[in-house]
**Student:** 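Mind looking over this structure? Questions follow.
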Amino acid sequence: MKTFTYERARTPAEAAAAIARTPGARFIAGGTNLLDLMKLEIDTPAHLVDVNHIGLDQIAATPNGGLRIGALVRNTELAADATVRRGYGVLSRALLAGASAQLRNKATTAGNLLQRTRCPYFYDTNQACNKRQPGSGCAAIGGFTRGLAIIGHSDACLATHPSDMAVAMRALDAVVETVRAHGATRRIAIADFYRLPGNSPERDTNLAPGELITSVVLPPPVGGQHFYRKVRDRASYAFALVSVAAIVQQDGSGCVALGGVAHQPWRRQEADSALPQGARAAMAPAGGRQTD
């Protein structure tokens with residue numbers, strides 16, 4: 001690990017300003033992904049800005065009946081929150097499917113959204129990787145691609161986004177709130193938050209340099225049945241080969257988001273529109289005949 005300097009921010013604006021004035025700086029909270037990347041010298045920040053003490057660790061109702069989740073709320077706390085379990089079950093289930101209990105105790109909401117890919121070629125510094133070193137090529141193309149992208153990839157990158165939580169957030173139409181170094185805030189729909197790789201796979205999100213996530217806002221609960229299913233190589237502490245977050249209403253309508261298949265959580269209107277037919281088929285008797 002290369003040497004670095006460190007400071008502790010006291011407010012979100014102070015944290016964003018610290019990043020902006022220091023070349024090569026990074027935010028750090030739980031550090032469950034960043035520290036691994038630093039040990040492997042995939043990420044070599046010259047300066048770390050600790051954001052653990054800027055007061056973004058609360059879960060609160062919004063005026064319209066939704067939920068605002070602070071960027072520093074730990075994954076364990078979020079999964080166990082009574083309001084989340086009652087109204088946003090898909091989110092609680094997705095969180096509990098991720099990582100291990102120890103990591104969930106440290107990992108934050110913002111950090112979970114921003115974690116880097118687990119593509120083995122990204123982590124192997126002897127291999128070409130456009131995400132790790134732009135312009136070096138993609139060793140995954142023509143290599144071992146099990147667990148890599150099958151949708152939305154490009155000639156520059158086959159990596160997938162590893163977050164379980166982000167898939168549930170996509171199904172819930174979450175909105176990410178941020179602050180920039182000069183104090184301006186903005187709201188980014190989760191559908192617009194992540195980028196497809198194109199020719200610049202080193203950019204995972206549409207955040208500007210120095211932009212800090214302050215919270216994630218969920219709309220009012222939509223009811224229905226919430227599902228999260230994850231296929232992985234072992235029962236614990238494994239990333240998804242494919243995952244599905246689904247919310248299904250009584251009439252079969254709802255939404256579906258996929259994880260483990262693309263550079264971003266994947267959701268398409270066509271899949272949502274097909275849910276009523278699929279739900280009716282799933283609820284039909286074993287013989288395939290549907291009854292009224």
Side-chain angles (χ1 to χ4, degrees), residues 24 26-27 32-45 94 97-99 107 110-171 174 176 178 188-211 213 230-233 238-245 256-271:
R26 297 283 189 279
F27 298 119
T32 57
N33 186 204
L34 178 58
L35 291 177
D36 286 341
L37 297 175
M38 291 172 65
K39 291 173 185 176
L40 294 171
E41 296 191 1
I42 294 171
D43 200 341
T44 55
N112 192 309
L113 292 177
L114 295 174
Q115 62 184 300
R116 306 300 305 276
T117 183
R118 263 55 179 198
C119 173
Y121 296 97
F122 174 76
Y123 273 86
D124 185 349
T125 55
N126 293 312
Q127 300 288 340
C129 175
N130 288 317
K131 182 177 283 294
R132 174 171 27 82
Q133 186 177 356
S136 64
C138 176
I141 297 176
F144 183 72
T145 58
R146 183 176 183 270
L148 298 183
I150 59 173
I151 306 172
H153 52 77
S154 72
D155 291 339
C157 185
L158 301 181
T160 57
H161 193 270
S163 171
D164 292 289
M165 185 189 77
V167 182
M169 292 291 194
R170 183 67 183 89
V176 179
T178 71
I188 311 169
I190 195 74
D192 301 320
F193 184 74
Y194 293 106
R195 298 169 53 90
L196 290 178
N199 293 319
S200 54
E202 70 278 7
R203 293 187 60 194
D204 294 332
T205 74
N206 285 309
L207 290 176
E211 191 168 8
I213 295 175
K230 180 178 180 179
V231 177
R232 47 187 164 177
D233 284 328
F239 296 97
L241 297 173
V242 62
S243 62
V244 180
V256 175
L258 302 178
V261 297
H263 207 250
Q264 58 182 215
W266 196 263
R267 181 177 168 188
R268 289 296 180 268
Q269 182 62 43
E270 296 84 354

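This chain uses plain numbering: 1 for the first residue, then up along the sequence.
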**Student:** With a 4.5 Å cut-off on side-chain heavy atoms, are Ile188 and Leu207 touching?
**Tutor:** yes
**Student:** On a heavy-atom basis, which atom in Ile150 and which in His153 lie closest, and how many Å separate them?
**Tutor:** C-CD2, 3.7 Å
**Student:** Which residues pass the side-chain contact (heavy atoms from CB on, under 4.5 Å) test with Gln133, not counting sequence neighbours?
**Tutor:** Ser136
**Student:** Would you indicate whether the side-chain heavy atoms of Asn33 and Arg118 approach each other to under 4.5 Å?
**Tutor:** yes
**Student:** I'd like to know if Arg116 pairs up with Asp43 as an ion pair, taking the criterion as any Lys NZ or Arg NE/NH1/NH2 lying under 4.0 Å from an Asp or Glu carboxylate oxygen.
**Tutor:** no
**Student:** So which heavy atom on Ser200 is nearest to which on Arg195, and how close?
**Tutor:** OG-NH2, 3.0 Å
**Student:** Measure the shortest side-chain to side-chain distance between Val256 and Leu258 over non-hydrogen atoms and say whether it is less than 4.5 angstrom.
**Tutor:** yes
**Student:** Counting C-beta onward and ignoring hydrogens, is there a side-chain heavy-atom pair between Lys131 and Thr117 closer than 4.5 Å?
**Tutor:** yes
**Student:** Any side-chain heavy atom of Leu114 sitting closer than 4.5 Å to one from Asp204?
**Tutor:** no
**Student:** Below 3.5 Å, can you tabulate the donor-acceptor pairs from side chains in residues 158-170 to any protein atom, sequence neighbours excluded?
**Tutor:**
unit_1, atom_1, unit_2, atom_2, d
His161, ND1, Ser163, N, 3.3
His161, NE2, Leu113, O, 3.2
Ser163, OG, Asn112, OD1, 2.4
Ser163, OG, Met165, N, 3.2
Ser163, OG, Ala166, N, 2.9
Asp164, OD1, Tyr228, OH, 2.5
Asp164, OD2, Lys230, NZ, 2.9

**Student:** Could you tell me whether a side-chain N or O of Arg132 sits under 3.5 Å from a main-chain N or O of Glu202, the two making a donor and an acceptor?
**Tutor:** no
**Student:** Going through the distances and angles, do Leu40 and Phe122 end up as a side chain to side chain contact (heavy atoms under 4.5 Å, CB included)?
**Tutor:** CA-CA 11 Å; Leu40 294 171; Phe122 174 76; over 6 Å; no
**Student:** More than 12 heavy atoms of other residues, nucleotides or ligands under 6.0 Å from CG of Asp155: yes or no?
**Tutor:** no
**Student:** Could you give me the CA-CA distance, side-chain angles and deciding distance for Asp36 and Gln115, then say whether side chain to side chain contact (heavy atoms under 4.5 Å, CB included) is met?
**Tutor:** CA-CA 11 Å; Asp36 286 341; Gln115 62 184 300; over 6 Å; no
**Student:** So how far is it from Phe193 CZ to Thr205 OG1, rounded to the nearest 0.5 Å?
**Tutor:** 4.5 Å
**Student:** Supply the atom-to-atom distance Phe27 CZ to Glu211 CD, rounded to the nearest 0.5 angstrom.
**Tutor:** 9.0 Å
**Student:** Return the minimal non-hydrogen interatomic distance between Ser154 and Ile141, and the atom names on each side.
**Tutor:** O-CD1, 4.2 Å
**Student:** Please evaluate residues Tyr123 and Leu37 with respect to the criterion side chain to side chain contact (heavy atoms under 4.5 Å, CB included), reporting the C-alpha separation (whole Å), side-chain torsions for both, the decisive distance (0.1 Å), and the verdict.
**Tutor:** CA-CA 8 Å; Tyr123 273 86; Leu37 297 175; 3.7 Å; yes
**Student:** Show the nearest heavy-atom pair for residues Arg203 and His263, with the distance to one decimal.
**Tutor:** O-CE1, 4.2 Å
**Student:** Side chain of Thr178, backbone of Ile213: donor and acceptor closer than 3.5 Å?
**Tutor:** no
**Student:** If you take all heavy atoms of Phe144 and Tyr121, which pair is closest and at what distance?
**Tutor:** N-OH, 2.8 Å
**Student:** Please identify which of these residues, Pro120, Cys138, Cys157, meets the side chain to side chain contact (heavy atoms under 4.5 Å, CB included) condition with Leu148.
**Tutor:** Pro120
**Student:** With a 6.0 Å cut-off (strictly less than), is the heavy-atom count around CG of Asn199, excluding the residue itself, greater than 12?
**Tutor:** no
